S.K.: 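Quick one: this structure, given as structure tokens, is what I'll be asking you about.
It should be emphasised that the depicted structure is a prediction, and the values quoted were computed from it without experimental measurement.
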Amino acid sequence: MEEYDSTQVTLNKLQVHVKDMQKWQINEDFAKQVENSKALPALYRHALNELENKIDIIRTEWQVRDGFSPIEHVKCRIKEPKSIVQKMQRKGYELNLDNMEQHIHDIAGMRIVCAFVKDIYRLVDHLCAREDIRVLEIKDYIAHPKPNGYQSLHLIVAIPLVLLDGTRWVKAEMQLRTLAMDFWASMEHILYYKFDKQLPSHVAEELKEAARAADELDQKMLRLRREILELSEGSGG
Ligand code: GTP
Ligand code: MG
């Protein structure tokens, strides 16, 4: 699992790290291919910038219309070449650029943290309806949490980049979560990080219990919001 950086997506990260690839004793041919294909990292960076801009506009619109935006924060990251290679090897793909483009959907990644669960679905509905974003896949780990308790809604999308040779759709992974889900996932990541053995069953169970607590907190906040809205409508506010 990799860190999402709230700072601007690091430029040319892929290119900078290509030189290190030999050190990691991975396929040199592939490292060269990535290095020679200077356009590729730039494509993912631009796609992510485009996506960030679209989300920014949605945030502003929500803010202007409703007085607040349900999007709490947005973080972006470009996957490290090392992680790309590891993932391709893990999934059994031969290391070449075609396979990378076709099978690794999360080279460009965006995490959006919302206040309320409902807002996540509102946002997904909106994204699905847009013509300048293709939603290729939806994984709803909110309705169907992972066995360890993990909740989030994942989208694989494609973003159009208008290039000199025409339009190219570049893939990105979007993870949508509430603050409570983000808290749990971040803690789980910290606790679990570098622990590659099976968790003792009571630890796994308590972690799952913590995920349920986060879910209950989300439900409670939704109920409170509904109640407060009703009160303010009732009082003509
Ligand atoms: P990957 O090979 O990890 O990409 O799995 P996948 O392609 O089946 O994607 P999936 O949608 O399951 O997960 C993609 C990303 O979601 C991961 O890289 C993490 O950032 C996040 N994620 C998935 N499962 C967990 C989890 O159990 N805990 C935490 N903290 N994050 C998770
Ligand atoms: Mg993935």
Side-chain angles (χ1 to χ4, degrees), residues 1-6 48 51-52 54-59 61-63 65-66 68-77 79 87 91 104-130 133-159 171-193 199 201 203-230:
M1 230 144 323
E2 56 262 311
E3 282 304 307
Y4 276 63
D5 194 342
S6 56
L48 205 47
L51 189 57
E52 234 182 333
K54 293 178 202 298
I55 299 297
D56 238 17
I57 295 171
I58 297 172
R59 269 176 112 165
E61 270 203 299
W62 253 328
Q63 181 77 41
R65 197 189 58 185
D66 303 342
F68 77 100
S69 165
I71 297 175
E72 282 294 320
H73 57 258
V74 177
K75 292 180 179 179
C76 293
R77 69 103 183 84
K79 203 176 186 73
K87 188 163 181 173
K91 302 213 165 189
I104 308 302
H105 308 312
D106 62 344
I107 295 175
M110 171 179 279
R111 185 172 291 156
I112 300 180
V113 176
C114 292
F116 298 100
V117 181
K118 266 216 155 111
D119 299 326
I120 291 176
Y121 289 105
R122 271 168 74 198
L123 187 54
V124 170
D125 285 345
H126 169 76
L127 295 175
C128 287
R130 290 175 72 126
I133 296 178
R134 282 186 191 151
V135 176
L136 305 176
E137 190 185 315
I138 302 180
K139 283 194 208 166
D140 189 350
Y141 297 125
I142 298 177
H144 309 285
K146 286 198 169 182
N148 63 356
Y150 176 79
Q151 285 190 295
S152 280
L153 198 144
H154 294 185
L155 301 176
I156 305 299
V157 299
I159 307 299
K171 286 179 195 162
E173 182 186 78
M174 300 177 79
Q175 300 178 353
L176 282 63
R177 327 173 150 161
T178 62
L179 286 160
M181 292 169 197
D182 193 46
F183 171 75
W184 184 93
S186 303
M187 293 307 279
E188 189 251 13
H189 180 50
I190 293 168
L191 293 172
Y192 212 4
Y193 189 58
L199 281 179
S201 63
V203 176
E205 198 40 58
E206 281 192 66
L207 214 50
K208 216 162 155 173
E209 182 51 44
R212 281 193 286 269
D215 188 49
E216 275 166 28
L217 203 55
D218 272 333
Q219 302 305 325
K220 185 178 281 196
M221 292 301 175
L222 262 183
R223 279 199 302 277
L224 288 175
R225 174 166 81 162
R226 212 172 299 133
E227 205 168 314
I228 291 170
L229 270 177
E230 281 166 13

S.K.: Does any non-hydrogen side-chain atom of I138 lie less than 4.5 Å from one of C128?
M.R.: yes
S.K.: To the nearest 0.5 Å, what is the distance between CE on M181 and CG on L176?
M.R.: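 Reported to 0.5 Å precision, the distance equals 10.0 Å.
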S.K.: To the nearest 0.5 Å, what is the distance between CZ (R177) and OG (S186)?
M.R.: 6.0 Å
S.K.: Under 3.5 Å, is there a donor on one side chain and an acceptor on the other for H126 and R122?
M.R.: no
S.K.: For D66 and F68, indicate whether the former's side chain and the latter's backbone hold a donor-acceptor pair under 3.5 Å.
M.R.: no
S.K.: If I take atom CD1 from residue I71 and atom CD from residue Q63, how far apart are they, to the nearest 0.5 angstrom?
M.R.: 11.0 Å
S.K.: What pairs with E61 under side chain to side chain donor-acceptor pair (under 3.5 Å), at least two apart in sequence or on another chain?
M.R.: none
S.K.: Quick one: closest heavy-atom pair of A214 and A180, and the distance?
M.R.: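 It is O-CB, 3.7 Å.
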S.K.: Roughly how far, to the nearest 0.5 Å, is CD1 of I107 from NZ of K87?
M.R.: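 So the NZ of K87 and the CD1 of I107 are separated by 9.0 Å.
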S.K.: First locate atom OH of Y141, then atom CD of Q151, and finally report the distance between them rounded to the nearest 0.5 Å.
M.R.: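 Y141 OH to Q151 CD: 12.5 Å, rounded to 0.5 Å.
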S.K.: So I112 and K75, do their side chains get closer than 4.5 Å, heavy atoms only?
M.R.: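 K75 vs I112: side chains apart.
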S.K.: Backbone N or O of G109 within a donor-acceptor pair of the D106 side chain at under 3.5 Å?
M.R.: no
S.K.: Write down the atom of Y150, the atom of W184, and the distance for their closest heavy-atom approach.
M.R.: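 Reported closest heavy-atom pair: CA-CZ3, 3.5 Å.
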S.K.: So do R111 and M174 actually touch side chain to side chain, heavy atoms under 4.5 Å?
M.R.: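 No, too far: nothing below the 4.5 Å cut-off.
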S.K.: For the side chain of K139 and the backbone of L153, is there at least one donor-acceptor N/O pair under 3.5 Å apart?
M.R.: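 Judged by distance alone, no pair lies under 3.5 Å.
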S.K.: Measure the SG-CG distance between C76 and L51 for me, rounded to the nearest 0.5 Å.
M.R.: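 It is 7.0 Å, given to the nearest 0.5 Å.
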S.K.: Check whether any side-chain heavy atom of I159 sits under 4.5 Å from a side-chain heavy atom of K54, and report yes or no.
M.R.: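 Yes; the side chains approach each other to less than 4.5 Å.
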S.K.: Quick one: are I142 and Y121 in side-chain contact, heavy atoms under 4.5 Å?
M.R.: yes
S.K.: Yes or no on side-chain contact (heavy atoms from CB on, under 4.5 Å) for E188 and N148, after CA distance, side-chain angles and deciding distance?
M.R.: CA-CA 10 Å; E188 189 251 13; N148 63 356; 3.2 Å; yes
S.K.: After noting the C-alpha distance and the side-chain angles of L207 and Y192, does the key distance pass the side-chain contact (heavy atoms from CB on, under 4.5 Å) rule?
M.R.: CA-CA 10 Å; L207 214 50; Y192 212 4; 5.7 Å; no
S.K.: Between I120 and L123, is there a side-chain heavy-atom distance shorter than 4.5 Å?
M.R.: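 SC-SC contact between L123 and I120 ruled out.
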S.K.: Dump the intermediate steps for side-chain contact (heavy atoms from CB on, under 4.5 Å) on H154 and Q175, then the final yes or no.
M.R.: CA-CA 5 Å; H154 294 185; Q175 300 178 353; 3.8 Å; yes
S.K.: How far apart are the C-alpha atoms of K171 and E137, what are their side-chain angles, what is the distance that settles it, and do they pass the salt bridge (Lys or Arg N to Asp or Glu O under 4.0 Å) test?
M.R.: CA-CA 11 Å; K171 286 179 195 162; E137 190 185 315; over 6 Å; no
S.K.: Which residues pass the side chain to side chain contact (heavy atoms under 4.5 Å, CB included) test with E72, sequence neighbours left out?
M.R.: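 Checked E72 against side chain to side chain contact (heavy atoms under 4.5 Å, CB included); matches are V113, A115, L179.
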S.K.: Is the shortest side-chain heavy-atom distance between V74 and M110 below 4.5 Å?
M.R.: yes
S.K.: Measure the shortest side-chain to side-chain distance between V157 and L127 over non-hydrogen atoms and say whether it is less than 4.5 angstrom.
M.R.: no
S.K.: Could you tell me which non-hydrogen atom of G149 sits nearest to which non-hydrogen atom of A211, and how far apart they are?
M.R.: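 Distance-wise, the nearest heavy atoms are O-CB, 3.4 Å.
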S.K.: Write down the atom of D119, the atom of W62, and the distance for their closest heavy-atom approach.
M.R.: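 Scanning both residues completely, I find the closest heavy atoms to be O-CH2, 4.5 Å.
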S.K.: Show which side-chain atoms of residues 217-228 pair as donor or acceptor with protein atoms under 3.5 Å away, not counting sequence neighbours.
M.R.:
unit_1: D218; atom_1: OD1; unit_2: T178; atom_2: OG1; d: 3.3
unit_1: D218; atom_1: OD2; unit_2: T178; atom_2: OG1; d: 2.7

